[in-house]
Amino acid sequence: MSAIVLHHLELSRSTRVLWALEELGLDYEIKTYKRDKNFRADPALKEVHPLGKSPVVQVDGMALAESAAILEHLVEMGDGTLRPQTPQERQQVRYWLHFAEGTLMPTLLMSLVHGTAIDKVPFLIRPVVKGILGTIDGAFTNPEIIRNMGFVEQTLSTQPWLAGDNFTAADIQMSYGLQAGVKRAPTGQSYPNIQAYIQRFEARPAYKKAVEIGGSPMPE
Ligand SMILES: N[C@@H](CCC(=O)N[C@@H](CS)C(=O)NCC(=O)O)C(=O)O
């Protein structure tokens with residue numbers, strides 16, 4: 001049997017991998033790392049992978065990074081659990097695995113960085129910085145977040161899970177962005193289907209176990 005070590009960073013996307021390990025029932029060891037006061041990862045993570053980010057998983061000593069690639073690898077290692085059932089489901093799983101980090105996360109991260117920048121700049125220039133970043137958010141960041149979240153909201157109006165009728169790795173991969181998206185949604189936006197979906201996946205025993213072991217994926 002392969003030895004799996006998850007290098008888990010508190011308050012991060014690596015909760016997704018912990019959750020997948022629990023869903024799949026694979027044996028693993030977990031090493032937990034802290035964030036510093038600037039919310040950056042413990043530099044010790046660079047000893048595992050050059051980028052020093054989490055999640056990173058070692059499988060028999062081989063370091064695997066990028067959540068979606070890790071999830072695909074772990075699903076292949078499992079007993080068939082979470083494997084797509086049809087070619088169409090496989091295509092959908094692949095689509096959402098890429099969409100999560102390729103499309104949904106970048107504008108959410110931009111919004112988060114802008115909010116943090118406004119809080120951190122010296123008080124005297126804060127109105128100027130706020131004005132500039134507010135213009136960028138108004139013209140680009142917020143419309144993109146609304147477009148992406150609206151697309152997911154629409155998808156979940158006709159099906160319980162992102163790839164269709166079955167819970168898959170796509171749901172695990174999309175969870176973090178949707179939890180963040182609901183929190184960072186521009187004023188006036190509401191996402192009832194996404195909210196119900198989040199409640200559905202957060203009720204899964206494996207999700208609860210992952211949070212019990214590794215903590216919540218993001219600050220409340
Ligand atoms: N696209 C990567 C993102 C990895 C990533 O950025 N992880 C964050 C945690 S959510 C991290 O390690 N941040 C700490 C840092 O950059 O210092 C993935 O999905 O695995």
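Counting starts at 1 for both ligands and their atoms, in listed order. This chain uses plain numbering: 1 for the first residue, then up along the sequence.
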**Asked** Ser12 heavy atoms, cut-off 4.0 Å: which ligand 1 atoms fall inside?
**Response** 9 (C), 10 (S)
**Request:** Can you figure out which of Met218, Arg13, Arg35 has its heavy atom closest to atom 13 (N) of ligand 1?
**Result:** Arg35
**Message:** Considering both backbone and side-chain atoms of Ala41, is one of its nitrogen or oxygen atoms within less than 3.5 Å of a nitrogen or oxygen in ligand 1?
**Reply:** yes
**Asked** For residues Gln85 and Asn166, is any side-chain donor paired with an opposing acceptor at under 3.5 Å?
**Response** no
**Asked** To the nearest 0.5 Å, what is the distance between CG (Asp171) and OH (Tyr207)?
**Response** 13.0 Å
**Prompt:** Can an N or O of Ser54 be found at a distance shorter than 3.5 Å from an N or O of ligand 1?
**Reply:** yes
**Complete:** For Arg13, the salt bridge (charged side-chain N to carboxylate O under 4.0 Å, His left out) test, sequence neighbours excluded, returns Glu101
**Prompt:** Closest non-hydrogen protein atom to atom 11 (C) of ligand 1, residue and atom name please, with distance?
**Reply:** Leu9 CD2, 3.9 Å
**Close N or O approach (Arg40, ligand 1; < 3.5 Å)** = yes
**Message:** One thing to verify: whether Lys34 and Glu10 come together as a salt bridge, which I'm taking to mean a side-chain N less than 4.0 angstrom from a carboxylate O.
**Reply:** yes
**Asked** Can you tell me how far the CE atom of Met149 sits from the OG1 atom of Thr107, to the nearest 0.5 Å?
**Response** 10.0 Å
**Message:** Among Lys208, Arg83, Lys209, Arg204, exactly one meets salt bridge (Lys or Arg N to Asp or Glu O under 4.0 Å) together with Glu23. Which residue is that?
**Reply:** Arg204
**Prompt:** N/O to N/O below 3.5 Å, does that happen between Glu101 and ligand 1?
**Reply:** yes
**Fill in**
Residue, atom and distance of the protein heavy atom nearest atom 18 (C) of ligand 1 read Ser67 OG, 3.2 Å
**Request:** Could you check which of Lys53, Arg16, Met105 puts a non-hydrogen atom nearest to atom 16 (O) of ligand 1?
**Result:** Lys53
**Item:** Member of Glu72, Arg16, Lys53 meeting the side chain to side chain donor-acceptor pair (under 3.5 Å) criterion with Ser67
**Value:** Arg16
